[in-house]
Amino acid sequence: MHQDCERVLITEESLREQVRRAALAVGERYAASNPVVVGILKGSIIFYSDFIRHLEIPVTLDFMAVSSYGGGSVSSGKLRMKKDIETDVKGRDVVIVEDIIDSGFTLANLKALFLERGARSVYIVTLLNKRGRREYDIEPDYNCFDIENEFVVGYGLDYNEKYRNLPYVGVLKREVYEKN
Ligand code: IMP
Ligand code: MG
């Protein structure tokens, strides 16, 4: 385990199993509609690539980069669009793939945006859900793991752009983010 982690919260094996289940559920639901699967960069990249490899249906892949964080561990409450998708979502089913839902700010905004653009439906898949932290009226349609209010890294999630490449989800030691 990485020295900056306090403990492994979700092992590679549990990640693999839950991500496979998520893909099965989404694959059944959208078997016939060729959904636009939108990965939210950068946090969802590892989840996204594992997820789509288990989807046995035709899909259109696309990516969006947004950020609500200045770089630390506290949300700034402002969504910045850094990269938009290239696909026209009008009349399409959109599946948003996100690493974690915390306050709900990011996903509430993105769902509204896709609906505004004329998407037929918007389905939200998250790897992690910090249920106790919600401030916006939004819930994932599919969530792989409920977690407590702890700052986690790995499997795509970062702290100041570090730790994304850890193959597991770990709880970051408090001293690592409190000293900044
Ligand atoms: P929300 O907009 O408050 O729901 O926050 C969602 C975003 O916050 C995610 O896409 C992450 O980038 C970030 N985030 C929230 N909690 C954590 C965490 O524990 N570790 C790493 N990133 C987090
Ligand atoms: Mg993110």
Side-chain angles (χ1 to χ4, degrees), residues 9-69 75 79 81 83-87 89 91-148 152-158 164 166-169:
L9 187 64
I10 309 171
T11 63
E12 292 184 62
E13 196 188 357
S14 317
L15 286 164
R16 211 165 24 243
E17 180 55 22
Q18 283 301 98
V19 172
R20 192 184 62 80
R21 284 189 200 179
L24 277 179
V26 172
E28 268 177 29
R29 191 179 172 107
Y30 295 110
S33 75
N34 186 8
V36 184
V37 183
V38 179
I40 309 306
L41 300 172
K42 303 170 199 170
S44 76
I45 52 159
I46 302 182
F47 174 39
Y48 186 95
S49 65
D50 285 346
F51 174 77
I52 57 168
R53 274 181 288 182
H54 287 292
L55 275 181
E56 295 176 353
I57 59 168
V59 287
T60 302
L61 307 186
D62 215 326
F63 300 91
M64 188 177 258
V66 296
S67 91
S68 60
Y69 278 17
S75 179
L79 191 73
M81 162 106 58
K83 182 213 174 296
D84 204 347
I85 55 168
E86 292 165 4
T87 313
V89 298
R92 305 282 301 272
D93 291 320
V94 172
V95 177
I96 302 178
V97 179
E98 174 65 308
D99 53 358
I100 185 167
I101 177 165
D102 185 30
S103 72
F105 178 77
T106 307
L107 287 171
N109 276 279
L110 291 180
K111 183 170 186 173
L113 177 70
F114 290 127
L115 289 174
E116 210 170 276
R117 289 179 179 178
R120 179 165 67 181
S121 71
V122 177
Y123 187 92
I124 296 172
V125 183
T126 57
L127 179 72
L128 308 173
N129 183 8
K130 284 185 183 171
R131 215 177 265 283
R133 297 256 307 165
R134 204 73 81 253
E135 290 170 32
Y136 295 81
D137 185 23
I138 184 103
E139 288 303 326
D141 297 288
Y142 193 100
N143 166 50
C144 297
F145 299 94
D146 278 315
I147 66 168
E148 298 300 317
V152 294
V153 294
Y155 200 68
L157 292 113
D158 76 309
R164 290 195 197 276
L166 298 178
Y168 49 82
V169 173

With rounding to the nearest 0.5 Å, note down the distance linking CZ in R131 to CD in E139. 6.0 Å
Heavy-atom closest contact (A31 atom, P58 atom, distance): O-CD, 4.1 Å
N129 versus R134: any side-chain heavy-atom pair under 4.5 Å? yes
Might you confirm whether atom CD of E56 has over 12 heavy atoms from other residues, nucleotides or ligands at distances under 6.0 Å? no
Answer yes or no: is there a side-chain heavy-atom contact under 4.5 Å between M64 and F114? yes
Looking at S44 and F47, would you say the former's side chain and the latter's main chain have a donor-acceptor pair under 3.5 Å? no
Less than 4.5 Å apart, any side-chain heavy atom of V94 and any of R117? no
P35 vs Y123 side-chain heavy atoms within contact, under 4.5 Å: no
Rounded to the nearest 0.5 Å, the CD1 atom of I45 sits from the CG atom of L157 at a distance of 10.0 Å
When you measure from the side chain of R164 to the backbone of G154, do you find a donor-acceptor pair of N or O atoms at a distance under 3.5 Å? no
side-chain contact (heavy atoms from CB on, under 4.5 Å) test vs Y48 passes for just one of D99, L61, L127, namely L61
Quick one, S121 and Y30 - any side-chain contact, counting heavy atoms below 4.5 Å? yes
Value rounded to 0.5 Å, distance of CG in L41 from CD in E98: 10.0 Å
For I96 and K111, which heavy atoms make the closest approach, and how far apart are they? CD1-N, 4.3 Å
Which heavy atom in E12 sits nearest to a heavy atom in P167, and how many Å separate them? CG-O, 3.3 Å
Keeping Q18 on the side-chain end and C144 on the backbone end, is there a donor-acceptor pair under 3.5 Å? yes
State, with a plain yes or no, whether a side-chain heavy atom of T126 is found less than 4.5 Å away from one of L107. yes
N143 versus I101: any side-chain heavy-atom pair under 4.5 Å? no
Does the D62 side chain pair with the main chain of V38, one donor and one acceptor, at a distance under 3.5 Å? no
Side chain K130, main chain I100, donor-acceptor under 3.5 Å: no
Heavy-atom neighbours of D146 CG exceed 12 at 6.0 Å: yes
Shortest non-hydrogen contact from I57 toward G27: CG2-O, 3.5 Å
Show, in sequence, the C-alpha distance, side-chain angles and deciding distance for T11 and Y168, and conclude whether the side-chain contact (heavy atoms from CB on, under 4.5 Å) test is met. CA-CA 5 Å; T11 63; Y168 49 82; 5.7 Å; no
As a quick check of understanding, evaluate salt bridge (Lys or Arg N to Asp or Glu O under 4.0 Å) for E13 and R16, giving each step before the final call. CA-CA 5 Å; E13 196 188 357; R16 211 165 24 243; 5.8 Å; no
Taking all heavy atoms of D50 and all of R53, pick out the closest pair and write down the distance. OD1-NH2, 2.7 Å
Which pair of heavy atoms, one from L79 and one from F105, lies closest together, and at what distance? N-CE2, 3.3 Å
Test side-chain contact (heavy atoms from CB on, under 4.5 Å) applied to D141 and R29, step by step: CA-CA 12 Å; D141 297 288; R29 191 179 172 107; 5.9 Å; no
Taking the side chain as everything from C-beta on, heavy atoms only, tell me whether N109 gets closer than 4.5 Å to L113. no
Tested for side-chain contact (heavy atoms from CB on, under 4.5 Å) against L9, the lone hit among I147, L128, V153 is I147
Apply side-chain contact (heavy atoms from CB on, under 4.5 Å) to the pair F145 and V169, showing each step before the final yes or no. CA-CA 11 Å; F145 299 94; V169 173; over 6 Å; no
